[in-house]
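All figures in this text were calculated on a predicted structure; none of them were measured in a lab.
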Amino acid sequence: QVRLVESGGGSVQAGGSLRLSCTASGTIFSISSMAWYRQTPGKQRELVAQVADGSGIRYGDSAQGRFTISRDKTKNTVMLQMDNLKVDDTAVYYCNADGLAEAAGSTWTYHWGQGTQVTVSS
């Protein structure tokens, strides 16, 4: 069974930095895309950043110029470096793996981590 485990959330003052990490474990042959999303109460989950085979890296509007996503395919890990954090960045951040194949030619599946809280105070 595939699991995504996030780490690195916490509390920081505005202007500070945090680094999130997510590792996918289990029976994994390949992962097409890994991404970070975030969600606040009453709002839809929104894309923060994604790194995908073929299409490369894209950022949500809120992350442009402040966040950096990176991926280690050999470790099935995706990281999110968040700099110059703002109060509005406060949210639960979720790791996502899409196009995950457990074996060559198997059906692709879609997975979420359990989420990690990021709190930015003024």
Side-chain angles (χ1 to χ4, degrees):
Q1 184 173 349
V2 174
R3 290 184 64 209
L4 302 184
V5 178
E6 301 116 331
S7 62
S11 298
V12 65
Q13 287 193 322
S17 298
L18 284 173
R19 183 177 178 85
L20 306 182
S21 181
C22 170
T23 298
S25 63
T27 303
I28 300 171
F29 176 75
S30 64
I31 304 175
S32 176
S33 164
M34 296 191 79
W36 288 96
Y37 288 74
R38 70 186 187 186
Q39 190 170 23
T40 54
K43 292 189 176 181
Q44 285 191 330
R45 198 168 292 189
E46 64 172 358
L47 175 70
V48 177
Q50 178 189 44
V51 53
D53 294 344
S55 56
I57 292 175
R58 65 181 178 122
Y59 293 98
D61 290 342
S62 62
Q64 286 282 358
R66 299 186 298 125
F67 296 178
T68 303
I69 190 170
S70 59
R71 179 181 177 186
D72 185 340
K73 294 188 72 172
T74 65
K75 298 179 180 179
N76 292 322
T77 296
V78 64
M79 287 74 71
L80 184 69
Q81 177 67 39
M82 303 187 292
D83 297 318
N84 190 21
L85 282 160
K86 303 177 181 179
V87 173
D88 287 347
D89 293 319
T90 297
V92 178
Y93 284 69
Y94 293 91
C95 177
N96 169 267
D98 193 7
L100 190 150
E102 296 188 15
S106 65
T107 301
W108 284 7
T109 55
Y110 188 85
H111 301 267
W112 290 103
Q114 80 285 355
T116 186
Q117 177 71 44
V118 170
T119 302
V120 184
S121 58
S122 59

Under a plain distance cut-off of 3.5 Å, with no hydrogens placed, do [Y] and [X] share a side-chain donor-acceptor pair?
| X | Y | result |
| --- | --- | --- |
| Ser21 | Ser7 | no |
| Asp83 | Ser17 | yes |
| Ser70 | Gln81 | no |
| Gln44 | Gln39 | no |

Looking at every heavy atom in both [X] and [Y], which two are closest together, and how far apart are they?
| X | Y | value |
| --- | --- | --- |
| Arg71 | Ala52 | NH1-CA, 4.5 Å |
| Val118 | Gly9 | CG2-CA, 4.2 Å |
| Ala24 | Leu4 | CB-CD2, 3.2 Å |

Can you tell if the side chain of [X] reaches within under 4.5 Å of the side chain of [Y], non-hydrogen atoms only?
| X | Y | value |
| --- | --- | --- |
| Glu6 | Gln114 | yes |
| Leu20 | Thr116 | yes |
| Val120 | Leu18 | no |
| Ser106 | Phe29 | no |
| Asp89 | Arg66 | yes |

Please confirm whether the backbone N or O of Gly60 pairs with a side-chain atom of Ser62, one donor and one acceptor, at under 3.5 Å? no
I would like to know whether Val5 and Cys22 meet side-chain contact (heavy atoms from CB on, under 4.5 Å); could you show each step before the answer? CA-CA 5 Å; Val5 178; Cys22 170; over 6 Å; no
Rounded at 0.5 Å granularity, tell me how far [atom1] in [X] sits from [atom2] in [Y].
| X | Y | atom1 | atom2 | answer |
| --- | --- | --- | --- | --- |
| Arg38 | Gln117 | CZ | CD | 11.5 Å |
| Ser33 | Asp53 | OG | CG | 8.0 Å |
| Asn96 | Met34 | CG | CE | 8.0 Å |

Given the rule in the side chain to side chain donor-acceptor pair (under 3.5 Å) test, do Thr23 and Thr77 qualify, once you have shown the distances and angles that lead to the verdict? CA-CA 4 Å; Thr23 298; Thr77 296; 3.0 Å; yes
Check whether Tyr94 forms a cation-pi arrangement with Arg45 (NZ or CZ under 6.0 Å from the six-membered ring centre, at most 45° off the ring normal). yes
Do [X] and [Y] land in one hydrophobic cluster if side-chain heavy atoms of ILVMFWY residues count as linked below 4.5 Å?
| X | Y | value |
| --- | --- | --- |
| Tyr93 | Val51 | yes |
| Tyr59 | Met82 | yes |
| Leu47 | Tyr110 | yes |
| Ile57 | Trp36 | yes |
| Leu80 | Val12 | yes |

Is the Trp112 to Tyr37 ring centre distance short of 6.0 Å? yes
Does the side-chain contact (heavy atoms from CB on, under 4.5 Å) test come out yes or no for Phe67 and Val48, once each step is laid out? CA-CA 8 Å; Phe67 296 178; Val48 177; 3.5 Å; yes
Among Val2, Leu100, Asp98, Ile31, side-chain contact (heavy atoms from CB on, under 4.5 Å) partner for Thr109: Leu100
Give a yes or no on this: more than 12 heavy atoms of other residues, nucleotides or ligands lie within 6.0 Å of atom CZ of Arg3. no
